[in-house]
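Beneath this line is the structure, given in C-alpha cells, with notes to follow.
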Amino acid sequence: YIVEIHGLPREEAKQAFLKNKTIPNLLAWLYETFREFVFVRKASLVVTDTEYEKEALRKLSSSKDLDIHVIHQGIYEEFYKQEYQPVDKTILAVGTIAPRKDQLMMLEVIDRLRKDIPDIKLAIVGGLVDLNYYKKIQARIVSKKLSKHVFLFPDVHALELLKHYRRSKIFMLCAREESQCVAMAEAMAVGLPVVSTNV
C-alpha cells in the first residue's frame with residue numbers, strides 16, 4: 001500500500017518528552033516511533049513533502065529499497081499578489097494552535113517586548129486542534145494581563161488569513177519542530193520579515 005506522511009509525529013513526541021520528561025510523554029514517543037516504523041515497513045511506496053522527512057524515514061526503515069517520493073507543497077499564487085502594507089506593530093503567528101507551535105512561548109516574547117514597545121500586538125492565527133492548549137493560552141493571556149496585546153483568531157477563512165499577512169509587521173515562528181513550514185513560506189511570499197526558532 002501507499003503511505004502519505006506529512007510531518008514526523010515521533011519527532012514531535014520526542015521534543016515533548018525532552019521538554020517534560022514524564023512517563024506518559026515517554027510512552028507517547030515510543031508509540032509514535034513504533035507506529036511510524038510499522039507503517040513504513042509495510043509500505044511499498046511512501047510519499048512525503050520534504051527531503052528532511054525522507055531522510056528521517058530512510059533511517060527508520062530496515063529496507064534500503066523503500067520507494068520514497070518527495071512532493072513539495074506549493075504556495076497559493078494569491079500570496080505573491082499581496083501588497084505588504086503593515087498598519088501597526090503587529091507580530092503575526094500562523095499555524096495550528098497546538099504545543100508543537102509553542103504559542104505559549106510567543107506570549108512570553110510579547111510580555112517582554114511590551115516593556116519597550118507599549119503598543120506591540122500579537123495575532124495568533126490558526127486551526128484549533130488542541131482545545132486544552134487553547135484554553136492554556138487564554139488563561140496565560142489573562143494571568144499576564146496581555147489582553148490588549150494578544151489576539152486569537154482560530155479557524156479563519158483563507159481571505160481573512162491573507163489580510164493578516166498583508167497588514168502585519170513581522171512573522172514569528174516559535175515551533176519546536178517543523179518539516180516544511182508552509183506558513184513561513186507564505187509570509188515570505190507576501191514580503192514579511194521572519195523571526196523563527198532554529199528548526
Side-chain angles (χ1 to χ4, degrees), residues 4-8 11-12 15 48-53 70-131 133-138 140-142 144 146-199:
E4 191 278 332
I5 294 178
H6 173 77
L8 297 170
E11 281 300 318
E12 295 174 35
Q15 293 302 322
T48 187
D49 57 6
T50 64
E51 292 294 329
Y52 159 74
E53 289 170 327
V70 176
I71 301 175
H72 297 284
Q73 296 185 72
I75 304 297
Y76 183 49
E77 65 182 350
E78 280 302 311
F79 287 94
Y80 294 96
K81 296 176 182 176
Q82 300 303 306
E83 286 189 37
Y84 173 50
Q85 298 174 327
V87 293
D88 54 24
K89 294 174 184 169
T90 297
I91 297 173
L92 176 65
V94 176
T96 54
I97 299 175
R100 177 180 177 229
K101 300 295 184 179
D102 211 347
Q103 285 92 356
L104 287 176
M105 183 196 292
M106 296 176 188
L107 301 185
E108 297 302 319
V109 170
I110 295 303
D111 189 34
R112 291 183 186 190
L113 286 176
R114 70 175 169 168
K115 295 173 179 71
D116 297 316
I117 312 169
D119 55 345
I120 196 165
K121 294 176 186 166
L122 170 64
I124 297 175
V125 182
L128 181 51
V129 298
D130 188 327
L131 185 57
Y133 189 70
Y134 184 71
K135 288 178 180 177
K136 281 184 185 176
I137 294 169
Q138 289 178 311
R140 188 74 55 87
I141 290 170
V142 171
K144 293 272 188 183
L146 291 170
S147 58
K148 292 181 181 176
H149 300 277
V150 180
F151 304 91
L152 302 172
F153 301 94
D155 299 326
V156 302
H157 188 275
L159 293 175
E160 192 64 28
L161 176 61
L162 282 170
K163 288 180 187 175
H164 282 289
Y165 277 114
R166 186 173 61 241
R167 296 162 59 92
S168 300
K169 189 92 171 174
I170 294 173
F171 180 87
M172 177 167 62
L173 178 74
C174 289
R176 300 175 189 174
E177 188 271 337
E178 287 286 344
S179 51
Q180 178 190 359
C181 185
V182 175
M184 187 166 73
E186 289 171 348
M188 293 169 73
V190 174
L192 271 87
V194 172
V195 177
S196 172
T197 46
N198 186 22
V199 296

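In this chain, residues are counted from 1 in sequence order. Values reported hereafter were calculated over all heavy atoms of this structure, with side chains retained and with hydrogens, waters and symmetry mates removed.
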With side chain to side chain contact (heavy atoms under 4.5 Å, CB included) as the test, would you mind laying out the steps for Leu122 and Met106 before giving the verdict? CA-CA 8 Å; Leu122 170 64; Met106 296 176 188; 3.8 Å; yes
Criterion side chain to side chain contact (heavy atoms under 4.5 Å, CB included) on Met188 and Val194, from CA distance to verdict: CA-CA 7 Å; Met188 293 169 73; Val194 172; 3.8 Å; yes
Yes or no on side chain to side chain contact (heavy atoms under 4.5 Å, CB included) for Asp111 and Leu146, after CA distance, side-chain angles and deciding distance? CA-CA 7 Å; Asp111 189 34; Leu146 291 170; 4.2 Å; yes
Can you list the steps and then say if Val109 with Leu107 is a side chain to side chain contact (heavy atoms under 4.5 Å, CB included)? CA-CA 5 Å; Val109 170; Leu107 301 185; over 6 Å; no
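Heavy atoms only, all atoms of each residue included: Leu192 and Lys169 are closest at CD2-C, 4.5 Å. Between Ile75 and Ala189, the shortest heavy-atom distance links the atoms CG2-CB, 4.2 Å. Considering every non-hydrogen atom in both Asp49 and His72, the closest pair reads O-ND1, 3.2 Å. When every heavy atom of Ser168 is checked against every heavy atom of Tyr84, the shortest pair comes out as O-CE1, 3.1 Å. Scanning all heavy atoms of the two residues, the minimum distance from Leu128 to Asp155 falls at N-OD1, 3.0 Å. Across Val125 and Leu161, no two heavy atoms sit closer than the pair CG1-CD1, 3.9 Å.
Taking NZ of Lys81 as the start and CD of Glu77 as the end, the distance is 4.0 Å to the nearest 0.5 Å. Atom-to-atom distance recorded for Ile71:CD1 and Thr50:OG1 is 12.5 Å, nearest 0.5 angstrom. Considering CD of Gln85 and NZ of Lys163, their distance stands at 13.0 Å, rounded to 0.5 Å. Once rounded to the nearest 0.5 Å, the distance linking NZ of Lys135 with CG of Asp130 reads 10.5 Å.
Contact check on Lys101 versus Glu12 returns no salt bridge, with no Lys/Arg side-chain nitrogen under 4.0 Å from an Asp/Glu carboxylate oxygen.
Taking the six-membered ring for Trp and thresholds of 30 and 60 degrees, Phe151 and Phe153 have ring planes inclined between 30 and 60 degrees apart.
Under the 3.5 Å distance criterion, the side-chain polar atoms of Tyr133 are matched with a main-chain donor or acceptor of Leu104. Proximity of a side-chain donor or acceptor of Thr197 to a complementary backbone N or O of Ala175 within less than 3.5 Å is detected. In this structure, Gln103 contributes its side chain and Pro99 its backbone to no donor-acceptor pair below 3.5 Å. No donor-acceptor pair closer than 3.5 Å links the side chain of Asp102 to the backbone N or O of Arg176. Put simply, the side chain of His149 never gets that close to the backbone of Lys121: no donor and acceptor are under 3.5 Å apart.
Surrounding CZ of Arg166 are more than 12 heavy atoms belonging to other residues, nucleotides or ligands, all under 6.0 Å away. The neighbour count for Glu83 CD, taken as heavy atoms of other residues, nucleotides or ligands under 6.0 Å away, does not exceed 12. Within 6.0 Å of atom NZ in Lys115, more than 12 heavy atoms from other residues, nucleotides or ligands are found, so the atom counts as buried in its surroundings.
Not counting sequence neighbours, Tyr134 has no partner by the ring pair (Phe, Tyr, Trp, His ring centres under 6.0 Å) test.
In this model, a donor atom of one side chain and an acceptor atom of the other lie less than 3.5 Å apart for Tyr165 and Glu186.
Each of Ile124, Val195, Leu113 was evaluated against Ile91; a single residue qualifies, Leu113, per the side-chain contact (heavy atoms from CB on, under 4.5 Å) test.
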